[in-house]
Protein chains: 2
Amino acid sequence: MNNTRFATALHILTLLAYKEHEWLSSDWIAGSINVNPVIVRKELGVLMHAGLVKSRKGKEGGYALDKNSVAITLADIYLTVKTTNVLGKKNLLPNPKCPVGKDINKKLEGLNTVIDQSVIKELQCKTLKNFAENFH
Amino acid sequence: MNNTRFATALHILTLLAYKEHEWLSSDWIAGSINVNPVIVRKELGVLMHAGLVKSRKGKEGGYALDKNSVAITLADIYLTVKTTNVLGKKNLLPNPKCPVGKDINKKLEGLNTVIDQSVIKELQCKTLKNFAENFH
DNA sequence: ATAATTGTAATATTTATTGTTACATATAAA
DNA sequence: TTTATATGTAACAATAAATATTACAATTAT
């Protein structure tokens with residue numbers, strides 16, 4: 001993950017958990033993270049699609065959690081924003097005439113499954129509520 | 001990790017383990033991975049600096065393992081090539097006037113330590129020898 | 001009606017990654 | 001001692017990924 005998507009999503013959700021039952025605007029959230037509001041709205045779109053967040057349009061609109069923050073784990077967040085495997089990408093076209101090149105991507109895939117799963121397991125025991133309580 | 005460095009390094013080291021006691025050239029290795037030889041030489045430079053590989057210059061030169069393949073774990077490889085945390089980058093300048101923005105990077109850092117460590121622990125029980133034996 | 005807000009497309013900018021060319025230096029072998 | 005074959009590395013080019021920006025239609029409370 002050579003991007004800030006997990007950090008951004010977690011920041012957004014922490015604010016929504018911190019101000020549960022309030023509707024926060026993307027502009028206000030963007031001011032806390034210090035990024036462009038459109039980035040925030042895009043990420044909120046992804047989080048809505050994942051069922052973690054809901055929105056209300058128009059004046060006095062904004063975003064709020066769509067689940068109790070105890071029911072959201074950091075694994076849920078990671079899974080919605082993750083774009084790559086922990087160990088990175090495979091090389092595209094290893095030489096099929098080489099005994100190693102021929103099979104390495106299949107073996108790497110197995111390794112990716114194991115390692116990604118171990119990260120998810122670790123994140124599954126951490127709730128958003130618990131994380132957000134850091135900021136009392 | 002939105003790059004192929006781990007895949008490339010593991011491929012290189014698997015070849016060196018597969019042909020232990022031979023000196024393999026960067027051109028030959030590059031032909032197996034199907035990438036530019038200079039990429040391979042650069043990565044080999046990093047692996048040498050980490051003490052995993054040695055080189056011999058000139059005609060009949062090449063690269064070989066500098067440790068027995070049982071003494072190299074996938075964690076050693078990951079640690080030498082990893083450039084980012086598993087969960088990605090932090091946002092650079094969260095708003096210090098916001099209770100969440102003020103502290104989130106410190107909390108993210110703690111999380112990064114835990115998660116990165118869990119990946120390393122998982123990789124530490126996997127040796128290069130064992131991985132290379134996949135390709136008999 | 002007005003003001004504030006989401007949702008999204010289009011585009012620009014910046015940063016990261018990968019690839020390429022070139023060549024100095026080293027060394028085995030003819 | 002010359003030649004062929006490597007490493008080591010710098011400089012630059014090309015491609016891809018990530019982030020930022022502008023613009024505006026659609027929505028809704030006041």
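Protein chains get the first letters and strands the later ones, always in sequence-line order, with residue 1 at the start of each.
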### Task
Give the minimum heavy-atom separation between B:Thr127 and B:Ser69, together with the two atoms involved.
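Taking every non-hydrogen atom into account, CB-O, 4.1 Å.
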### Query
For C:dT17, does either OP1 or OP2 sit under 4.0 Å from a side-chain N or O belonging to B:Asn2?
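Indeed not, no polar side-chain atom of B:Asn2 lies that close.
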### Query
Under 4.0 Å between a side-chain N or O of B:Thr4 and OP1 or OP2 of C:dT18?
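Looking at the OP1 and OP2 atoms of C:dT18, one of them is under 4.0 Å from a side-chain N or O of B:Thr4.
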### Nearest-0.5 Å distance that lies between atom CD1 in B:Ile33 and atom CG in B:Leu15
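Taking CD1 in B:Ile33 and CG in B:Leu15, the distance rounds to 6.5 Å.
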### Message
Counting the atoms with a prime plus P, OP1 and OP2 as sugar-phosphate, which does B:Asn36 contact under 4.0 Å by heavy atoms, base, sugar-phosphate, or nothing?
### Response
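Base contact.
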### Message
Generate the contact string for nucleotides 5-14 of chain C. Rules: B means base contact, S means sugar-phosphate contact only, - means no protein heavy atom under 4.0 Å.
### Response
BBBBBB----
Should [X] and [Y] be counted in the same cluster of Ile, Leu, Val, Met, Phe, Trp and Tyr side chains packed under 4.5 Å apart?
| X | Y | result |
| --- | --- | --- |
| A:Val38 | A:Val40 | no |
| B:Leu111 | A:Val70 | no |
| A:Ile72 | A:Leu79 | yes |

### Task
Assess the side chains of A:Thr83 and B:Asn2: does a donor N or O sit below 3.5 Å from an acceptor N or O?
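No, B:Asn2 and A:Thr83 have no side-chain donor paired with an acceptor closer than 3.5 Å.
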### Message
Regarding B:Asn34 and A:Asn95, do their side chains bring together a donor and an acceptor under 3.5 Å, going by distance alone?
### Response
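Not at all, the side chains of B:Asn34 and A:Asn95 share no donor-acceptor pair under 3.5 Å.
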### A:Lys82 atom NZ, over 12 foreign heavy atoms within 6.0 Å
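For A:Lys82, atom NZ is crowded (more than 12 foreign heavy atoms under 6.0 Å).
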#### Entry: Backbone N/O of A:Val35 and side chain of B:Asn91: donor-acceptor pair under 3.5 Å
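Absent.
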### Query
Nucleotide range of DNA chain D contacted by chain B, 5' to 3', under 4.0 Å to a heavy atom?
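Listed 5' to 3', the contact boundaries are D:dA4 to D:dA18.
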### Note: A:Asp76-A:Lys67 ion pair, threshold 4.0 Å (strictly below)
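Result for this pair is no, no salt bridge flagged.
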### Query
For DNA chain C, which residues in residues 76-95 of chain A have a heavy atom at a distance below 4.0 Å?
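DNA chain C contact set from residues 76-95 of chain A: none.
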